[in-house]
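A short write-up of the structure that comes next.
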Amino acid sequence: MRSAIKFKTLFGTLASKNLRTYLQTCGSLLKTLTENRRIAVGMALHGHLIKIGLSSERFIAIRLLIMYLDSRKSDEVSEIVKGFDGFDSTVHNCLINASIQWGNLNEARRLFDEMRERNEVSWTALISGLMRCGRVDESMWYFERNPFHNVVSWTAGISGLVQNGLNVEALKLFLKMLGSGVRPNDATFTSVVRACAGYGEIGWGMSVLGLIVKTGYEHNLSVSNSLITLCLKMGEKALARRVFDQMEKRDVVSWTAILDMYVGAGDLREARRIFDEMPERNEVSWSAMIARYSQSGHPEKALKLFLQMIQSGFIPNRSCLASILSTLATLEALRVGMNIHAHVVKIGFEKDVFISSSLIDLYCKCGETKDGRTAFDSIPEKNVVSWNSMVAGYCLNGQMEEAKELFDSIPAPNNISWNTMVGGYLENKQFDKVFEVFNEMLLCGETPNISTFSSVLSGCASIASFEKGKNLHGKAIKHGVQYDVFVGTALADMYAKSGDIESSKSVFDRMPEKNEISWTVMIQGLAENGFAAESLFLFEEMKRTSTVAPNELMLSSVLFACSHTGLIDEGLRYFNSMEAVYGTKPKGRHYTCVVDMLSRSGRLVEAEELLKSMPFQPESNAWAALLSGCNRHKNEEIAERTAKKLSELAEKNSSGYVMLSNIYASAGKWTDVMEIRRLMRDRGLKKSGGCSWVEVRNEVHCFYSEEASHCQLAAIYDMLQLLRVEMLAIEE
DNA sequence: CTAGGGTTAG
């Protein structure tokens, strides 16, 4: 927006200013337009410059060349290139840079090789360009053959290594540079400090700091900025703040760095305060704040800030677009997301891996896997994140075959890829596949992490697989993650579901950090394993000692525990205070628990009253609980009404029929039982089958009550028969 | 040649 205004005033000032100033203004305007991808405006300016005969001024022509190279307008590029009187090294260098940026390495080399005179800029362009593309070895090959060993090329090598995460190599190169007698400058120190921060070794940082002070660079803006990051990486927040406070001049980078410090500590309020107070903001500062809101679970705030940013006239760059698309994915805001997508296509960013991965995520989270796949297929150079996003998208929508097929074709899966598959099978309740993929993962030599363990252990909990669970516990100990919140919770759940409440409790007690799920799992585990008093005690302890708020599931367990220990009045007290104290309206299952509790103890009238007073349809289980209470406490009158109610409900699902038939059976009313079975047959209802299983040598064998499904069923029955005969023989 | 911000799993 600003550049457009600048552009308009430019025409007016032509006459009044001298030519040199005018050209410089045009040049810097072209630069701004290129950076902000306002190519249409740039082309208009180009047309104007042709008209007034200034377009072939060298300085302008190079700016135009860079603009057209950047926007890949090849016709315009060749037009400009023709205008040059042969290729001088500057033009060559521009072309080399562009070729590298487009990933056309051969072209870059060809250009480099055909040059008559390679100056230091050409060498540095190739070295840093190759580094930017991650081709470290090739870059170093040129680095070693570079005849111009000046600060700039040394710094290009060092910073390139840092950008590729090779911090130690960067530091080694820095030492070599010092040895060769070349003096480092501010740019060198900035990169070296970043290398120290990445290396995480405090000693290096301090030595470099000493050198910086000695050479008098400690008040340089860039160096100070990188020092702030170094302090933050080493966990020295106070020191970072001191460096910031002592700076003579601060820029957006300094402010953004210190902003990120507060955000990183989880103090979004202080971060926001700093953000609001920053004397200068640019699109990066906005992006930082937006990204952090999004990552910290405040997507609405992120979106609001994004809108404010646009209104303030800032143009979102790649990072910001990637963040906001991810935010919209979280919010499942398909409409807005599609608008942004259109914008992204318009400015030619749709091939950016960060943006396209977010787009995949957006479409998949909104249930549109086909559109997600289209976004995926249109990425020319996919990275592992692109693949993972698509696989995760399929998992999310239950398309596990597609997910597995795509997963198998990932060129270099990382542990997130594996974890996505493991988690996907878990979410879709294909537990056998959870273990299958997990084993495959181990065979491939991939190291399981916290996420892996928590998923696989949840799988064990779901099928109550004690053997596998214990085995995994061992592995978790080996990896030192057994008391992590996620892993610990999954372990406690697995042990509780397998009936080993001792082990469950011992893991739980040792977890330093417990979240809502951890407490829920343990309270539930105790209640369901018959440790009602302990369950209630733990619930009270949680309220006393933690910040976790009681949830519906915990209250179900609490009521269940009360019901099973006969603490009727206690249970009623919990139940009646659910809304007022715990802020949750009782759901069907809570009513069922209370009805069951009252019925068991013979308070049948109260139970029936409660059922009648419910604001919504009770679960059929609740009627069944009452009926079974009537049976036990011999109340024919209520029993009759309840049975009637239950058979009405039974019209809709089979469980009512089954319960009713069981109750009649236990009362010996066989004609009624047969009548119900007949009704079920007539309506085509089937009892959902029971299932039990045993684990033998790490394999789970299932047995269903209705169908003969096991492949060795005949052999198993033979063996049973044999055992029975032997047992009878012993008895005799 | 340089510092701050970006995507995926749990």
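None of these values were measured; they are calculated from a predicted model. Chain naming here is simple, since letters A, B, ... match the order of the sequence lines and numbering starts at 1 in each.
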Q: Starting at atom CD1 of A:Ile379, determine the distance to atom C1' of B:dT7, rounded to an integer number of angstrom.
A: 10 Å
Q.
For DNA chain B, which residues of residues 411-419 of chain A approach it to below 4.0 angstrom with any heavy atom?
A. A:Ile416, A:Asn419
**Q.** Given B:dT7, B:dG4, B:dA3, the nucleotide with the shortest approach to the side chain of A:Ala257
**A.** B:dG4
Q) Can you find a side chain N or O atom of A:Ser323 that sits less than 4.0 Å from OP1 or OP2 on B:dG5? A) no
Q. Out of B:dT8, B:dG5, B:dA3, which nucleotide sits closest to the side chain of A:Ser222?
A. B:dA3
Q: Starting from P on B:dG4, measure out to CH2 on A:Trp286 and report it in whole angstrom.
A: 22 Å
Q) Which nucleotide in the list B:dA3, B:dG6, B:dA9 gets nearest to the side chain of A:Asn449? A) B:dA9
Q) Rounded to whole angstrom units, what separation is found between the CZ atom of A:Arg373 and the P atom of B:dT8? A) 19 Å
Q: Measure from the side chain of A:Thr190, starting at C-beta and using heavy atoms only, and say which of B:dC1, B:dT8, B:dT2 lies closest.
A: B:dT2
Q.
Is the ring pair A:Tyr199/A:Trp204 parallel, tilted or perpendicular, if the boundaries are 30 and 60 degrees?
A. perpendicular
**Q.** Out of B:dA9, B:dG6, B:dG4, whichever nucleotide has its closest atom nearest the side chain of A:Gln295
**A.** B:dG6
Q: Considering just the side-chain nitrogens and oxygens of A:Arg318, establish if one lies under 4.0 Å of OP1 or OP2 belonging to B:dG6.
A: no
Q. With a cut-off of under 6.0 Å to the ring centre and 45° to the axis, is A:Lys475 in cation-pi contact with A:Phe453?
A. no
Q. Is the charged tip of A:Arg318 near the ring of A:Phe354: under 6.0 Å from the six-membered ring centre and within 45° of its axis?
A. no
Q) In residues 168-187 of chain A, which residues come under 4.0 Å of DNA chain B by heavy atom? A) A:Asn185, A:Ala187
Q | A:Phe407 and its ring pair (Phe, Tyr, Trp, His ring centres under 6.0 Å) partner, picked from A:Trp387, A:Tyr394, A:Trp418 | A | A:Trp418
Q. Do A:Asn551 and A:Thr520 have a side chain donor and acceptor closer than 3.5 Å?
A. yes
**Q.** salt bridge (Lys or Arg N to Asp or Glu O under 4.0 Å) between A:Glu169 and A:Lys172, worked out
**A.** CA-CA 5 Å; A:Glu169 284 78 359; A:Lys172 278 187 194 153; 5.5 Å; no
Q. If you look at every strand shown and take non-hydrogen atoms under 4.0 Å, does A:Val252 touch a base, only sugar-phosphate, or nothing?
A. base
(Q) What is the separation between atom CD on A:Glu283 and atom P on B:dG5, rounded to the nearest whole Å? (A) 14 Å
Q | A:Leu321 CG to B:dG5 C1', straight-line distance once rounded to whole Å | A | 13 Å
Q.
By nearest atom, which of the nucleotides B:dG6, B:dA9, B:dA3 is closest to the A:Phe354 side chain?
A. B:dG6
Q. If we ignore angles and hydrogens, is there a donor and acceptor under 3.5 Å between the side chains of A:Arg272 and A:Tyr293?
A. yes
Q.
Quiz question: going by heavy-atom distance under 3.5 Å, is there a donor-acceptor pair between the base of B:dG5 and the side chain of A:Asn317?
A. yes
Q: Round to the nearest Å and state the distance from A:Met289 atom CE to B:dG6 atom P.
A: 12 Å
Q) Would you call the rings of A:Trp286 and A:Phe314 parallel, tilted or perpendicular, where under 30° means parallel and over 60° means perpendicular? A) tilted
Q: Apply ring pair (Phe, Tyr, Trp, His ring centres under 6.0 Å) to the pair A:Trp123 and A:Phe112, showing each step before the final yes or no.
A: CA-CA 8 Å; A:Trp123 282 94; A:Phe112 184 81; 5.0 Å; yes
Q. Have A:Thr188 and A:Thr155 got a donor and an acceptor in their side chains that come within less than 3.5 Å?
A. yes
Q | Presence of donor-acceptor pair under 3.5 Å, side chain of A:Asp260 and base of B:dG5 | A | no
Q: Rounded to the nearest angstrom, tell me the gap between atom CG in A:Asn220 and atom P in B:dC1.
A: 17 Å
Q: Answer with base, sugar-phosphate or nothing: what part of the nucleic acid does A:Gln163 contact at a heavy-atom distance below 4.0 Å?
A: sugar-phosphate
Q. Which listed nucleotide (B:dT2, B:dG10, B:dT7) is nearest to the side chain of A:Ser159?
A. B:dT2
Q | Over-ring placement of A:Arg281 relative to A:Trp255, 6.0 Å and 45° cut-offs | A | no
(Q) By nearest atom, which of the nucleotides B:dA9, B:dT7, B:dG6 is closest to the A:Ser358 side chain? (A) B:dT7
Q.
Which nucleotide wins on minimum distance to the side chain of A:Thr155, given the candidates B:dA3, B:dC1, B:dT7?
A. B:dC1
Q: Would you classify A:Ser357 as touching base, sugar-phosphate or nothing, given that sugar-phosphate means primed atoms plus P, OP1 and OP2, and contacts are heavy atoms under 4.0 Å?
A: base
Q | Whole-Å distance separating the CG atom of A:Leu221 from the C1' atom of B:dG4 | A | 11 Å
**Q.** Nearest-nucleotide pick for A:Ser451, side chain only, options being B:dT2, B:dG6, B:dG10
**A.** B:dG10
